[in-house]
There are 2 protein chains.
Amino acid sequence: MKTNALFKRSYNQALDMLAATQVEAALPSEPAMAATLGISRTTVRAVLAALAMRGIITIDGRAKQLLRLPKRNDYIADADLEPLADMVERKFMAWLVGPDCSPGHTINGLDLARQFGVSTSAIRDCLGKFSHFGLLERQSNGRWRTLGLTVDFVAELFDMRELIEFRAVDRFVALPKDDPLWGDLSLLADEHHALLDDFERRNREFSDLDHRFHKLVDSVVPNRFLGNIQGVMSVIFHYHYQWNKKDESARNHRALGEHLAYIEGLRSGDLSQARESCRLHLHTARSTMLASINPG
Amino acid sequence: MKTNALFKRSYNQALDMLAATQVEAALPSEPAMAATLGISRTTVRAVLAALAMRGIITIDGRAKQLLRLPKRNDYIADADLEPLADMVERKFMAWLVGPDCSPGHTINGLDLARQFGVSTSAIRDCLGKFSHFGLLERQSNGRWRTLGLTVDFVAELFDMRELIEFRAVDRFVALPKDDPLWGDLSLLADEHHALLDDFERRNREFSDLDHRFHKLVDSVVPNRFLGNIQGVMSVIFHYHYQWNKKDESARNHRALGEHLAYIEGLRSGDLSQARESCRLHLHTARSTMLASINPG
DNA sequence: AATTTGTTTTTTATATAAAAAGAGCAGTTA
DNA sequence: TAACTGCTCTTTTTATATAAAAAACAAATT
């Protein structure tokens, strides 16, 4: 049956909300809570019922009241709060780059299902997703073969990225000076400087900033296929950098500088300067990725 | 349970083989038949058992003999020989461009399953596939929304195609003169001329030739993400042109001519000529597609 | 009259079950 | 001794069943 991860997440969120409420205060209506939590009223009602059962609130028709502030052990342990598909994806990526899987390996879905503690359906969905990402191949007999996170794969991924981003740069430079994107770019530049100023403490925030910066640049050429490719890239980057913490700080510092040069290139209005600063940055990113995949 | 389309196809193929055999002749071994039909011995045995049951052959250990030649009604009707996934895909594409579906429409998986006469799992797989193709979108509440085969979609599809093929052209022109691809290109040019010479009768063969031509050009820049995009394109083209037979002959004739100019452009070694002939052809393809989607 | 709650109906996500197809082994035959 | 058959075990594919979540509806309250 379906997992109730949504319920558990919402329950904990509701506890957070109650923690900021006065005891004996009246609680908002069900539709209001549903809107706040971004879930359906059905789930809100399930959460409210559970809270009442635990003695945290009382419900009498539309009179809902907070009886006591939530305590630490009222929360549902976050062990199984992750959506199933995310968990499978995470474990699968770990398996894919781990020692149990070499490129060209034939995948045994049943075996993976047992290893991950999920049903074969979940594995099937996951395999389908990654095959669209080009990490797997479906053979004629219906079996799956890994292609692996190889040097070739990364090279092709970056080829595609460069193709797309170079075109975006061309369009970006040509934007009229009153386009709102220039303002967004300025804000991002400020964020870069702020991060540099407090780099020791905040360097881990770079990953998010990087994502937003490239997303902004690419947004001048909206294309849903590009979205797909960016999806692959963020999955790869996400897992990749999770396993390669070595030199993370130095890497981020260098990238920050390159971003600023890239932003200057865009602002200069000079196409060749913009292209060159973009090329430099993407080249560094490619080398970093290749070096950490192939550390030999 | 799993469909036995493979068994049925193999059974009919076996009948074809038997039709070319002498009555009372000894039949090949199971492994031999498995290799010939490209299936496992398990399925061969199921087919042989069915043939024996029908009195077409006798089996006694390894002594297998043809009793009588197969007749027309020995064949399994080809109604359900199509793999399930293909059938669902076909029906889904038809539904997607049909009157029951407008862009932005929320998809009811259960309803589609009933309409198509398949289980919801099959629909789910199909929706997953098309979402990677950018024709559908998954909403936060887990529902699917159609984006539809709109003008925007086609524009983005062709943007991507042009981006990829222009780059391929650059690389193609720079190939050394002894590269085997030049020979392949010559063969394709010959096929184009042969098709033009007998255009009245054979113009329907253009679709296949078109596919092979572009595949050859793009093969100079191997990239698995590109393969994904080409996958979308062939699905779209396949269904699109199936429903738009109008002006097909004239369209194919024009494209043949453009292909030949394109081939000349590549052979000339002159980059700007190659690019221009490519641009012209892709531009025509784009207009044709847009015109037939938006006939108003 | 506009919300809110209580209840019912739909729809989705996942596990389970079962058929189909593949893989492999041991004994047998040519 | 090399290939073949009969059998068993494994893996994949699909349908079905069921819990979770959403949506819709109706009665009640402010």
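Within every chain, numbering begins at 1; the chains are lettered A, B, ... in the order of the sequence lines, protein sequences first and strands thereafter. No experiment lies behind these values; they were computed from the predicted model shown.
- The nearest whole Å value for the distance from the CD atom in A:Gln139 to the P atom in C:dG22 is 13 Å.
- Residues in residues 109-123 of chain A take part in no salt bridge (charged side-chain N to carboxylate O under 4.0 Å, His left out) pair, two or more places apart or across chains.
- The aromatic rings of B:His132 and A:Phe133 stand perpendicular to each other, their planes meeting at an angle above 60°, with 30° marking the opposite boundary.
- The two residues B:Val23 and B:Leu69 have their closest heavy-atom pair at CG2-CG, 3.9 Å.
- Heavy atoms of B:Arg45 sit under 4.0 angstrom from at least one base atom.
- Atom CZ in A:Arg143 sits about 9 Å away from atom C1' in C:dA21, given to the nearest Å.
- For B:Asp210, the side chain to side chain donor-acceptor pair (under 3.5 Å) criterion is met by B:His214, B:His259, not counting sequence neighbours.
- Residue pairs meeting the side-chain hydrogen bond (donor to acceptor under 3.5 Å, both in side chains) criterion with at least one partner in residues 9-24 of chain A, sequence neighbours excluded, are A:Asp16-A:Tyr75.
- The two residues B:Gly55 and B:Leu67 have their closest heavy-atom pair at O-CD1, 3.6 Å.
- Within residues 107-120 of chain B, the residues having any heavy atom under 4.0 Å from DNA chain D are, by residue number, B:Ser119.
- Protein chain B touches strand DNA chain D; the 5'-most and 3'-most nucleotides with an atom under 4.0 angstrom of its non-hydrogen atoms are D:dC4 to D:dA23.
- No donor-acceptor pair under 3.5 Å is formed between the side chain of A:Ser119 and the backbone N or O of A:Ala113.
- In the helix from C:dA1-D:dT30 to C:dA30-D:dT1, the end axes, each obtained as the rotation axis mapping the C1' atoms of four pairs onto the next four within a five-pair block, lie 20° apart to the nearest 10 degrees.
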Contacts table for residues 150-157 of chain B: side-chain donor-acceptor under 3.5 angstrom, sequence neighbours left out:
{"unit_1": "B:Thr150", "atom_1": "OG1", "unit_2": "B:Phe153", "atom_2": "N", "d": "3.2"}
{"unit_1": "B:Glu156", "atom_1": "OE1", "unit_2": "A:Arg224", "atom_2": "N", "d": "2.9"}
{"unit_1": "B:Glu156", "atom_1": "OE1", "unit_2": "A:Arg224", "atom_2": "NE", "d": "2.9"}

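- Within the structure, the salt bridge (charged side-chain N to carboxylate O under 4.0 Å, His left out) test picks out the following pairs touching residues 124-145 of chain A (sequence neighbours left out): A:Glu89-A:Lys129, A:Arg124-B:Asp125, A:Asp125-B:Arg124, A:Glu137-A:Arg145.
- Judged purely by atom type and a 3.5 angstrom limit, A:Ser40 has no side-chain atom pairing as donor or acceptor with the backbone of A:Ala34.
- Within residues 25-44 of chain B, the residues approached by DNA chain D to less than 4.0 Å at the level of any non-hydrogen atom are B:Ser29, B:Glu30, B:Pro31, B:Arg41, in residue-number order.
- Identified under the salt bridge (charged side-chain N to carboxylate O under 4.0 Å, His left out) test for residues 30-44 of chain B, with sequence neighbours left out: B:Glu30-B:Arg41, B:Glu30-B:Arg45.
- Contact check on A:Arg212 versus A:Asp208 returns a salt bridge, with a Lys/Arg side-chain nitrogen under 4.0 Å from an Asp/Glu carboxylate oxygen.
- Pairs passing the side-chain hydrogen bond (donor to acceptor under 3.5 Å, both in side chains) check and including a residue from residues 48-63 of chain B, sequence neighbours excluded, read B:Arg54-B:Asp74.
- In the region residues 53-63 of chain B, proximity to DNA chain D at under 4.0 angstrom, judged on heavy atoms, holds for B:Gly61, B:Arg62.
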